[in-house]
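Okay, structure first, notes after.
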Amino acid sequence: MDETARPLRKGWTTGACAAAAAKAAYAGLLTGEFPDPVEIGLPGGQRPAFALAATARGNRAATAGVVKDAGDDPDVTHGALILATVQPGAPESGVTFCAGEGVGTVTRPGLAIPPGEPAINPVPRQMIRDAITEVATALHDAGDVEVEIAVPNGAALAEKTLNGRLGIVGGLSILGTTGIVVPYSCSAWIHSIHRGIDVALACGLDHIAASTGSTSEAAVQNMYGLPETALIDMGDFVGGTLKYVKTHPVPRVTIAGGVGKMTKLAQGLLDLHSKRGSVDLDMLGELAARAGGSDEACQRIRASNTAAEAFDHARTEGIALGDAVARAAQETASGVVAGKPVEIEVVVFDRQGELVGQAPCPHAGPSR
């Protein structure tokens with residue numbers, strides 16, 4: 001079989017792994033035997049089984065661990081050991097949650113979990129409760145337990161995520177809405193964008209900046225002196241970002257990106273990935289002509305190999321191509337949030353982070 005034609009393998013979320021570990025730990029606490037593999041129910045009705053990678057039992061607590069398999073998704077937590085330690089809780093307390101080593105704590109408002117709570121999201125919490133209930137029912141126990149979730153090395157892994165920006169400190173979040181990781185679905189990135197906007201709103205911010213990459217993010221933050229909570233790492237997902245802003249309005253949104261990505265937005269593309277479309281050099285030539293460029297200069301722009309080369313030609317000729325691209329991109333972006341109390345600004349930066357184009361908010365002047 002051609003390996004390149006093999007379907008991408010799905011995996012399991014940290015939430016599913018935590019639920020499986022918690023179920024095994026609870027069974028081990030009550031009986032001294034850890035079910036291996038351990039089966040859990042997912043929100044969609046599936047019942048996968050997980051092999052245990054670690055078990056331990058003391059007088060009042062039991063621990064079980066599952067190694068996360070993210071399938072073919074390039075997930076930062078792939079291969080991480082998800083540990084659950086279960087001990088008796090207060091009578092009629094139900095299931096309570098604690099953050100162990102490598103699991104973060106929420107410190108800012110705006111997320112589904114309030115500040116002070118372990119960063120175990122609502123669906124994983126419910127999956128863990130359901131897993132505990134299965135054991136409690138089968139063994140005729142009350143199910144009043146404290147569940148601690150830990151991820152050894154989780155604090156280091158969390159540095160590769162957006163948790164710090166969201167105000168989740170000390171480690172990873174335990175995530176998942178279905179229990180299943182779909183390879184390259186980008187759902188985690190989209191989730192981070194949405195949560196970033198939620199946090200910004202909960203913190204009372206009226207201006208956020210959504211950037212396509214680290215260079216444009218650093219430049220726009222320096223441009224306006226924005227706090228970290230105002231920065232949204234949207235990557236190529238400008239459409240997903242703006243659609244969420246439409247339903248969760250922020251008064252002022254600055255879209256920041258490089259010349260290539262902002263040219264695509266100017267063309268009307270809302271997914272800026274290279275697979276979704278290429279730079280339209282003819283359009284750049286047309287915008288240059290409208291900006292007063294000579295026929296010869298516009299022809300060189302049309303014949304360029306890249307957007308960066310086209311912008312170099314425009315700069316040499318003194319053509320304000322960046323501003324023209326920013327205005328066209330602003331028109332595309334504003335159309336997504338039309339009818340909502342949101343003003344859109346677009347700023348365009350070169351590879352060095354220098355501002356080369358701007359379309360300011362209608363009620364704000366340019367910054368240069």
Side-chain angles (χ1 to χ4, degrees), residues 12-42 47-69 77 79-107 113-158 168-176 179:
W12 309 112
T13 64
T14 49
C17 295
K23 181 177 181 179
Y26 185 33
L29 176 67
L30 296 181
T31 68
E33 299 292 331
F34 294 85
D36 188 8
V38 57
E39 181 181 284
I40 62 165
L42 300 184
R47 293 195 62 85
F50 295 78
L52 298 184
T55 59
R57 187 173 184 271
N59 292 331
R60 284 184 50 81
T63 299
V66 171
V67 172
K68 176 176 171 176
D69 178 1
T77 57
L81 178 63
I82 313 299
L83 294 169
T85 298
V86 177
Q87 62 182 353
E92 301 184 4
S93 63
V95 179
T96 58
F97 298 92
C98 295
E101 175 194 355
V103 171
T105 298
V106 177
T107 66
I113 302 300
E117 282 285 311
I120 305 171
N121 271 21
V123 172
R125 288 181 182 231
Q126 188 58 50
M127 290 170 62
I128 292 169
R129 290 189 190 98
D130 291 344
I132 293 295
T133 296
E134 288 188 7
V135 176
T137 300
L139 298 177
H140 309 289
D141 194 62
D144 297 321
V145 294
E146 178 185 283
V147 178
E148 177 189 275
I149 304 299
V151 184
N153 200 42
L157 293 174
I168 298 170
V169 300
L172 294 163
S173 299
I174 304 301
L175 300 173

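Considering every non-hydrogen atom in both F34 and A24, the closest pair reads CD2-O, 3.4 Å. Minimum interatomic distance between P35 and L52 (heavy atoms only, all atoms of both residues): O-CD1, 3.3 Å. The nearest pair of heavy atoms linking S93 to A90 is OG-O, 2.6 Å. Across all their heavy atoms, T105 and A99 have their closest contact at OG1-CB, 4.3 Å. Considering every non-hydrogen atom in both A155 and G170, the closest pair reads CB-O, 3.8 Å. When all heavy atoms of A119 and I168 are compared, the closest pair comes out as CB-CG2, 3.7 Å.
Remark: E134 engages R47 in a salt bridge, criterion side-chain N to carboxylate O under 4.0 Å.
Summarising the geometry, atom CD1 belonging to I82 is positioned 11.0 Å from atom CZ belonging to F50; distances are rounded to the nearest 0.5 Å. With values rounded to the nearest 0.5 angstrom, C17 atom SG is found 11.0 Å from L83 atom CG. The distance from the CD1 atom of I113 to the CD1 atom of I174 is 11.5 Å, given to the nearest 0.5 Å. Taking CZ of R129 as the reference point, atom OG1 of T96 lies at 10.0 Å (rounded to 0.5 Å). Here D141 contributes atom CG and T31 contributes atom OG1; the two are 11.0 Å apart, rounded to the nearest 0.5 Å.
Distance alone, capped at 3.5 Å, places no donor-acceptor pair between the D144 side chain and the P91 backbone. In this structure a side-chain-to-backbone donor-acceptor pair under 3.5 Å is missing from T77 to A80. The main-chain N or O of V135 is never found under 3.5 Å from a side-chain atom of K23 such that the two would form a donor-acceptor pair. Put simply, the side chain of R57 never gets that close to the backbone of T63: no donor and acceptor are under 3.5 Å apart. Side chain of D36 to main chain of A51: no donor-acceptor pair is present (N/O by atom type, distance under 3.5 Å, no hydrogens or angles). Judged purely by atom type and a 3.5 angstrom limit, N121 has no side-chain atom pairing as donor or acceptor with the backbone of L175.
A heavy-atom distance below 4.5 Å is found between the side chains of E146 and C98. For the pair L42/M127, a side-chain contact is recorded, criterion being any heavy-atom separation below 4.5 Å from C-beta on. Contact of the T107 side chain with the P115 side chain is not registered, since no non-hydrogen atoms from C-beta on lie closer than 4.5 Å. Side-chain contact between T14 and K68 is present, with at least one heavy-atom pair separated by less than 4.5 Å.
Across I120, T85, I128, a single residue satisfies side chain to side chain contact (heavy atoms under 4.5 Å, CB included) together with V147, and that is I128. Each of I132, D130, V86 was evaluated against V95; a single residue qualifies, I132, per the side chain to side chain contact (heavy atoms under 4.5 Å, CB included) test.
Remark: R125 is positioned above the aromatic ring of F97, its terminal NZ or CZ atom under 6.0 angstrom from the ring centre and at most 45 degrees off the axis.
More than 12 non-hydrogen atoms from other residues, nucleotides or ligands lie less than 6.0 angstrom from CD of Q126.
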